[in-house]
Amino acid sequence: ADVAKYLKDVTPPDLVISTRPRDGTLAGLPTWFAAHAPSRLRPTPFGSGQITETITIHPMRSKWQFGDGTAVTRTATATARHTYLRGGHRRGRLTTRWGATYTISYAGGSYGPYHATGTLVRRQRFSMPVHTSRPVLVSH
């Protein structure tokens, strides 16, 4: 019952998004996106006395929308590659499906982890400056 209540009431945190290159990209070149759970995310203990449960949530699948009208990229990991074709400031969205596992501790033993039923969904926005360049002929 504690697991079901927790999954009903919990709001997963935003993932930490990083890109390569960092702080913007160049139109026409691939950009790598990665997202991971924040370091402050810890298992949550419940119960008291002889029986305790520990619930751990974790990202399972990601859906990337890069803000330029291209098709959605779905990944089983929280990484993706995308090439922007035009410059500008893009506002994308990452939708993450979270899952959970739990362990039960009783009389000095630990049992699990067990997969919790149900999933959690978290949507978050990100922005990406996309720069353009122009070729310049240079002579020696």
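Being a predicted model, the structure only gives us computed values, none of them experimental.
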Trainee: Mind checking whether L15 and V121 sit in one hydrophobic cluster, side chains of I, L, V, M, F, W, Y counted as touching below 4.5 Å?
Mentor: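 Result: no, two separate clusters.
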Trainee: What's the separation between atom OG1 in T79 and atom NE2 in H36, rounded to the nearest 0.5 Å?
Mentor: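 NE2 of H36 is found 13.0 Å from OG1 of T79.
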Trainee: Can you name the closest pair of heavy atoms from S105 and S110 and give their distance?
Mentor: OG-OG, 4.0 Å
Trainee: Atom CZ in R42, atom OG1 in T56: separation rounded to 0.5 Å?
Mentor: 11.0 Å
Trainee: Which pair of non-hydrogen atoms, one from M128 and one from T19, has the smallest distance, and what is that distance?
Mentor: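 Distance-wise, the nearest heavy atoms are CE-CG2, 3.4 Å.
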Trainee: Between F33 and F126, is the ring pair (Phe, Tyr, Trp, His ring centres under 6.0 Å) condition met? List the steps.
Mentor: CA-CA 11 Å; F33 292 81; F126 64 90; 5.7 Å; yes
Trainee: Evaluate the side-chain proximity of T96 to P59: yes if any heavy-atom separation is below 4.5 Å, no if none is.
Mentor: yes
Trainee: Return yes when atom CZ of R97 has more than 12 non-hydrogen atoms of other residues, nucleotides or ligands closer than 6.0 Å, and no otherwise.
Mentor: no
Trainee: Are W64 and V16 in one and the same hydrophobic cluster, where Ile, Leu, Val, Met, Phe, Trp and Tyr link if side-chain heavy atoms are under 4.5 Å apart?
Mentor: no
Trainee: Would you name the heavy atoms of S127 and R91 that are closest together and state the gap between them?
Mentor: CB-NH1, 4.0 Å
Trainee: Report yes or no: do Y102 and Y106 belong to one cluster of Ile/Leu/Val/Met/Phe/Trp/Tyr joined by side chain heavy-atom distances under 4.5 Å?
Mentor: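 Yes; tracing contacts between hydrophobic side chains, which count when under 4.5 Å, links both residues.
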Trainee: Restricting to non-hydrogen atoms, name the atom on P43 and the atom on T54 that form the minimum distance, rounded to 0.1 Å.
Mentor: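 Nearest pair, atom of P43 first, then T54: CB-CG2, 3.4 Å.
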Trainee: Would you sort out whether R86 and V130 count as a side chain to side chain contact (heavy atoms under 4.5 Å, CB included), showing the intermediate values?
Mentor: CA-CA 7 Å; R86 290 185 208 78; V130 181; over 6 Å; no
Trainee: Which distance, rounded to the nearest 0.5 Å, do you find between the NE2 of H131 and the CG of D23?
Mentor: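 Result: 8.5 Å between the selected atoms.
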Trainee: Output, in order, the C-alpha distance, side-chain angles, deciding distance and verdict of side chain to side chain contact (heavy atoms under 4.5 Å, CB included) for D68 and H82.
Mentor: CA-CA 10 Å; D68 61 355; H82 184 69; 2.8 Å; yes
Trainee: Answer whether the closest heavy-atom distance between the side chains of Y84 and R90 falls below 4.5 Å.
Mentor: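 Of all side-chain heavy-atom pairs linking R90 with Y84, at least one is under 4.5 Å.
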Trainee: Would you compute the distance between atom CG of D14 and atom CZ of R122 and round it to the nearest 0.5 angstrom?
Mentor: 4.0 Å
Trainee: Roughly how far apart are L7 CG and L120 CG, rounded to 0.5 Å?
Mentor: 5.5 Å
Trainee: What are the two closest non-hydrogen atoms of F66 and A80, and how far apart are they?
Mentor: CZ-CB, 4.0 Å
Trainee: Of all heavy-atom pairs between P13 and W98, which one has the smallest distance, and what is that distance?
Mentor: O-CZ2, 3.5 Å
Trainee: Check the pair L94 / I17 against side chain to side chain contact (heavy atoms under 4.5 Å, CB included), numbers first and verdict last.
Mentor: CA-CA 9 Å; L94 173 62; I17 297 173; 4.0 Å; yes
Trainee: Applying the 4.5 Å side-chain criterion to the ILVMFWY set and letting contacts propagate, would M60 and L41 be lumped into a single cluster?
Mentor: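 No, it is not one cluster - the side chains of M60 and L41 are not joined through contacts under 4.5 Å.
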Trainee: What distance do T103 atom OG1 and Y111 atom OH have between them, rounded to the nearest 0.5 Å?
Mentor: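 Atom-to-atom, T103:OG1 and Y111:OH are 12.0 Å apart.
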Trainee: Is it the case that atom NE2 in H115 sees more than 12 heavy atoms from other parts of the structure closer than 6.0 Å?
Mentor: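 Not more than 12 within 6.0 Å, no.
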